[in-house]
Structures are given as structure tokens and as C-alpha cells.
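Notes follow once the structure below has been shown.
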Amino acid sequence: MIKRKICVVTGTRAEYGLLYWLMKEIQADKDLELQIIATGAHLSPEFGLTYRVIEQDNFEINEKVEMLLSSDTAVGISKSLGLATIGFADAYDHLKPDIVILLGDRYEILAAAQAALIIGIPIAHIAGGDTTEGAFDEAIRHSISKMAHIHFVTNDLSAKRVRQLGENPQYIINVGSPGIDYIKRVHLLNRSDLEKELEFKFQKKNILVTFHPVTLDSVSSTDQMAQLLLALDSLERNVGVMFTKSNADTEGRSINRMIDDYVSVHSKSKAYTSLGQLWYLSAISHVDIVVGNSSSGLYEAPSFSKPTVNVGDRQQGRLQAASVVNCQAEASAIKQAITAAFKMDCSNVQNPYGDGNSSIRILSLLKNIPDYRVLLKKQFFMMEN
């Protein structure tokens with residue numbers, strides 16, 4: 001029996017963490033061949049060369065698609081998108097996968113979807129149907145959904161939105177968020193070991209901050225970051241702050257420079273280019289609050305019964321647990337939200353993104369489809385009034 005070739009594309013540290021256990025399940029299956037394409041920030045020294053983490057986890061990277069230019073302007077990123085599409089066309093031609101698995105809404109993944117669509121490779125898309133109205137990720141995510149043939153969504157609301165796009169209900173499946181799989185399966189570091197690994201001294205109160213660029217807001221990402229830093233600076237002096245740096249989006253490098261400048265004059269703070277999934281989730285488990293505009297504050301933090309201060313509109317519209325406090329990207333509003341979050345009891349909060357068995361569900365569904373190519377010719381499924 002010829003093994004079916006399942007190709008997984010990853011471009012960032014966060015995305016790889018979400019895909020890790022699905023990749024392990026595919027790798028261990030005797031009927032499947034795992035193929036991996038690494039791209040984007042994974043291949044950039046500036047963002048930590050995180051492709052090495054993939055290899056350290058005993059995965060073989062079959063292709064590396066270079067795409068990043070030394071620019072975080074809109075023009076530079078648009079050019080990167082074009083380079084990536086060319087690179088994926090070559091990678092797919094070499095690997096000849098039976099199906100491509102794509103997660104989320106980043107522009108790297110849009111390039112991977114475009115090339116697969118034209119070449120005629122079926123696409124399985126994870127986490128379609130979410131809404132994030134503060135970034136162009138919203139449009140990218142829905143565009144990938146229209147190019148995809150199987151939709152592994154994370155919640156029922158997202159399933160309805162993908163259905164509204166005219167997709168086949170038979171192939172819209174709520175599997176939950178694969179990020180919870182990692183939380184369920186991994187042995188996290190205790191506080192003492194994490195302090196040693198990260199060379200960070202926990203204080204009486206501690207905050208984990210991740211702030212990414214906002215691409216559709218009238219207020220610039222750097223202006224919003226400045227307000228967040230002002231809010232942090234106004235807190236009590238016994239608060240420790242851990243920063244994970246921004247991703248490779250418009251103004252991402254500018255945000256990272258602002259973080260470095262802040263850390264250089266605040267001894268109880270420290271910044272990390274990439275924590276990786278183990279350190280990052282361990283950090284969530286030991287801090288008091290998660291702050292910023294990353295989806296991890298909505299997807300993963302509720303599973304640790306930790307409050308999230310969600311800053312600005314980047315995640316607007318996304319399904320949220322009761323542990324999420326929303327605020328505008330203004331210093332006084334952020335400080336007020338942080339103060340409120342310190343007092344929250346989230347011990348009984350339920351995570352709306354599933355139970356941590358997403359990877360097993362996805363693998364089972366992929367194996368139960370006898371021929372992926374029959375999915376290529378799509379119909380538009382009208383919704384009944």
C-alpha cells in the first residue's frame with residue numbers, strides 16, 4: 001500500500017506549537033507520510049531561526065521556502081507574499097503531496113493556499129471561520145477557507161460562518177483548537193526550573209505580554225504599543241513583566257525595538273524573541289495575567305484559569321471565555337483592565353475551544369476520506385432562509 005503524503009506548512013513559532021501534536025500523530029501513522037514545509041519567520045535569524053526547534057523535535061523538514069525581505073512595510077510584506085507563492089509552487093512540484101494542511105490566517109499561509117489551489121492540491125484548513133476584525137488576517141482567513149476543501153474549525157460559531165461562505169457542510173467539522181492538545185499532553189516546567197531556563201526572577205505579581213501589529217486600525221501599532229508600555233510603567237514596582245516579541249508583520253520590528261528599549265531600563269522585565277511552546281505555556285501557568293492582543297490569550301490562557309487583558313481591536317469578534325477582559329489601546333484603560341484582572345477568580349472558567357483531542361479527530365477524519373482529489377471540484381452550498 002502506497003502511503004498518502006500529508007504536507008504540513010508552518011511559518012511561525014506559534015503556529016508550529018498548534019500543529020505539533022497533529023504532526024506527531026501523522027508521523028506515527030503507518031499509512032501516512034508526513035511532509036513539512038517551513039517558511040517565514042522560521043527561517044529568519046531576526047526571529048530566532050525557529051526551524052531548528054522543529055528539527056530538534058525529531059521532525060524532518062522536507063522543504064524550506066524563503067520569503068522574508070528585510071522590511072516590515074506593507075510593500076515589503078506584499079513582495080514577500082509574491083516570493084512565497086513562487087517558492088511554494090516549486091516545493092509542491094518537488095514533494096507532490098496528496099493534501100496540504102494549513103492553519104490560520106497569516107500571509108505566509110495565504111501564499112501556500114494560492115499555490116496549492118492553482119496546482120490542484122486539496123487543502124485542509126484549520127481554524128477557519130473565526131473573526132478578527134482589527135487585522136487583515138480576517139480577510140486572509142476567509143480567503144483560505146474559500147480555497148480549502150476540508151474545514152477543521154475550532155467552535156460552532158466558526159462552523160456557521162464557514163457554512164455561510166457556501167462551503168460543503170459535510171466537510172466543516174468542529175474539532176476544537178489543537179493548541180489545547182499541547183496543554184493536555186505536555187509536562188510543564190515548575191516555577192523554579194522556568195526561572196533558571198529563562199533567567200527571569202518572578203516577582204510578587206507577574207504579567208506575560210504579547211503584542212502583535214494591528215493592520216487595519218486607524219491608530220498605528222507603535223502608538224498602541226507605546227500606550228501599553230505606559231500602562232505597564234505605571235504599575236506597582238513589584239510586578240514582573242515577560243515579553244514575547246512581535247511576529248513578522250507590518251511594524252513588527254518597530255514594536256520589538258520598543259520592547260528592547262523598555263526592558264533596558266526596567267530590571268524586573270525581560271524580552272524573548274521566541275519562547276517556544278513549552279516555555280510559553282509554562283510561563284502562562286505561572287504568571288498572574290496574560291496581556292496583549294495575541295490569539296493565545298483567548299485560545300490557551302483560559303485552560304490555565306488565568307485572566308487575559310485583550311488590548312485593542314485585533315481580536316475583535318473572536319469567541320471569548322469569561323476570563324477575557326477587553327480594553328481600548330489607551331494607557332489608563334489598559335491599567336484599569338490589568339488592575340481588575342489581578343483581582344479575578346478564573347478557577348471555574350470553561351475554555352470554549354474544546355477538550356484537547358483535536359489532533360486525534362483531525363487524523364481520523366483525514367484517514368476516512370478515501371480519495372482527496374474528489375474534493376477539488378467544489379460546489380457553492382446555499383444556506384436555507
Within 6.0 angstrom of Arg373 CZ, more than 12 heavy atoms from elsewhere: no

Heavy-atom check, side chain of Tyr171 versus side chain of Leu375, under 4.5 Å: yes

Leu188-Val53 co-clustered via ILVMFWY side chain contacts under 4.5 Å: yes

Side chain proximity check, Arg161 to Thr131, heavy atoms < 4.5 angstrom: yes

Nearest-0.5 Å distance that lies between atom CD1 in Ile150 and atom CD1 in Ile126: 10.5 Å

Atom pair OH (Tyr20) and CD (Glu25), whose distance is rounded to the nearest 0.5 Å: 10.5 Å

Residue of the set Asn206, Val287, Ile207, Val263 for which side-chain contact (heavy atoms from CB on, under 4.5 Å) holds with Met242: Val287

Distance (rounded to the nearest 0.5 Å) between Leu103 CG and Leu22 CG: 9.0 Å

Backbone of Val175 reached by a side-chain donor or acceptor of Arg361 within 3.5 Å: yes

Main-chain N/O of Lys201 paired to Gln203 side chain as donor or acceptor, under 3.5 Å: yes

Smallest separation among heavy atoms of Met147 and Lys378, with atom names: C-NZ, 4.2 Å

Of Thr308, Asp288, Val325, Ile289, the residue whose pairing with Met344 passes side-chain contact (heavy atoms from CB on, under 4.5 Å): Val325

Gap between atom CD1 of Ile123 and atom NE2 of His149 - 0.5 Å precision: 6.0 Å

Atom CD of Gln336: over 12 foreign heavy atoms under 6.0 Å: no

Side-chain donor-acceptor contact under 3.5 Å, Glu108 with Thr39: no

Smallest separation among heavy atoms of Leu34 and Val8, with atom names: CD1-CG2, 3.8 Å

Worked verdict on Leu194 versus His286 for side chain to side chain contact (heavy atoms under 4.5 Å, CB included): CA-CA 9 Å; Leu194 186 63; His286 294 299; 3.8 Å; yes

Path from Ile54 to Val9 over hydrophobic side-chain contacts below 4.5 Å: no

Cluster overlap Val241 with Ile259, hydrophobic side-chain contacts below 4.5 Å: yes

Where Leu366 and Tyr372 come nearest, the two heavy atoms and their spacing: O-OH, 2.8 Å

Verdict with reasoning, Leu363 to Asp29, per side chain to side chain contact (heavy atoms under 4.5 Å, CB included): CA-CA 9 Å; Leu363 184 71; Asp29 194 289; 4.0 Å; yes

Expected output: side-chain Asp98 to main-chain Lys5 donor-acceptor under 3.5 Å: yes

Residues, nucleotides or ligands: over 12 heavy atoms within 6.0 Å of Lys160 NZ: no

side-chain contact (heavy atoms from CB on, under 4.5 Å) partner of Phe243, the single match among Leu232, Leu208, Thr210, Ile255: Leu232

Least distance between heavy atoms, Ala301 atom then Ile284 atom: CA-CG2, 4.2 Å

Flag, side chain of Gln35 to backbone of Leu95, donor-acceptor distance under 3.5 Å: yes

pair Thr222-Met258: side-chain heavy atoms closer than 4.5 Å: yes

Qualifying residue for side-chain hydrogen bond (donor to acceptor under 3.5 Å, both in side chains) with Asp31, from Lys3, Lys367, Arg4: Lys367

Between Asn62 and His94, a side-chain donor and acceptor under 3.5 Å: no

Check: Ala112 main-chain N/O paired with Tyr92 side-chain donor or acceptor under 3.5 Å: yes

Worked check of side chain to side chain contact (heavy atoms under 4.5 Å, CB included) between Leu235 and Lys335: CA-CA 7 Å; Leu235 298 175; Lys335 181 181 180 181; 4.1 Å; yes

Donor-acceptor pair between Ser254 and Arg257 side chains, under 3.5 angstrom: yes

Atom pair CZ (Arg141) and NZ (Lys146), whose distance is rounded to the nearest 0.5 Å: 16.0 Å

Heavy-atom closest contact (Ala331 atom, Ala231 atom, distance): O-CB, 3.5 Å

Flag if over 12 foreign heavy atoms under 6.0 Å of CD, Glu195: yes

Donor-acceptor contact present, side-chain Ser78 to main-chain Ala74, <3.5 Å: yes

Flag, side chain of Thr85 to backbone of Ala115, donor-acceptor distance under 3.5 Å: no

Ring geometry between Phe202 and Phe200 (parallel below 30°, tilted from 30 to 60°, perpendicular above 60°): perpendicular

Asp345 versus Ser347, side-chain donor and acceptor atoms under 3.5 Å: yes

Over all atoms of both residues, closest heavy-atom pair of Ala341 and Val309: CB-CG2, 3.8 Å

No-hydrogen, no-angle side-chain donor-acceptor test under 3.5 Å, Asn293 and Gln224: no

Donor-acceptor under 3.5 Å (Tyr353 side chain, Pro302 main chain): no

Any side-chain heavy-atom pair of Phe152 and Pro178 under 4.5 Å: no

Residue pair Asn256 / Ser246, side-chain donor-acceptor N/O under 3.5 Å: no

Leu32 reachable from Phe59 in the ILVMFWY side-chain graph, under 4.5 Å edges: yes

Approximate separation, where rounding is to 0.5 Å, of Leu81 CG and Ile86 CD1: 10.5 Å

Single hit among Ser305, Ser303, Ser323 for side-chain hydrogen bond (donor to acceptor under 3.5 Å, both in side chains) with Asn351: Ser303

Enclosure of Gln350 CD (heavy-atom neighbours >12, cutoff 6.0 Å): no

Hydrophobic cluster membership, Val291 vs Trp279, 4.5 Å side-chain cutoff: no

Lys24, NZ atom: more than 12 neighbouring heavy atoms under 6.0 Å: yes

No-hydrogen, no-angle side-chain donor-acceptor test under 3.5 Å, Thr12 and Arg106: no

Main-chain N/O of Phe381 paired to Gln379 side chain as donor or acceptor, under 3.5 Å: no

Side chain to side chain contact (heavy atoms under 4.5 Å, CB included) evaluation trace for Leu275 with Leu198: CA-CA 9 Å; Leu275 283 177; Leu198 300 184; 3.6 Å; yes

Sidechain-backbone polar pair: Ser285 side chain, Ser282 backbone, donor-acceptor under 3.5 Å: yes

Atom CG of Asn348: over 12 foreign heavy atoms under 6.0 Å: no

Between Asp181 and Ser359, a side-chain donor and acceptor under 3.5 Å: yes

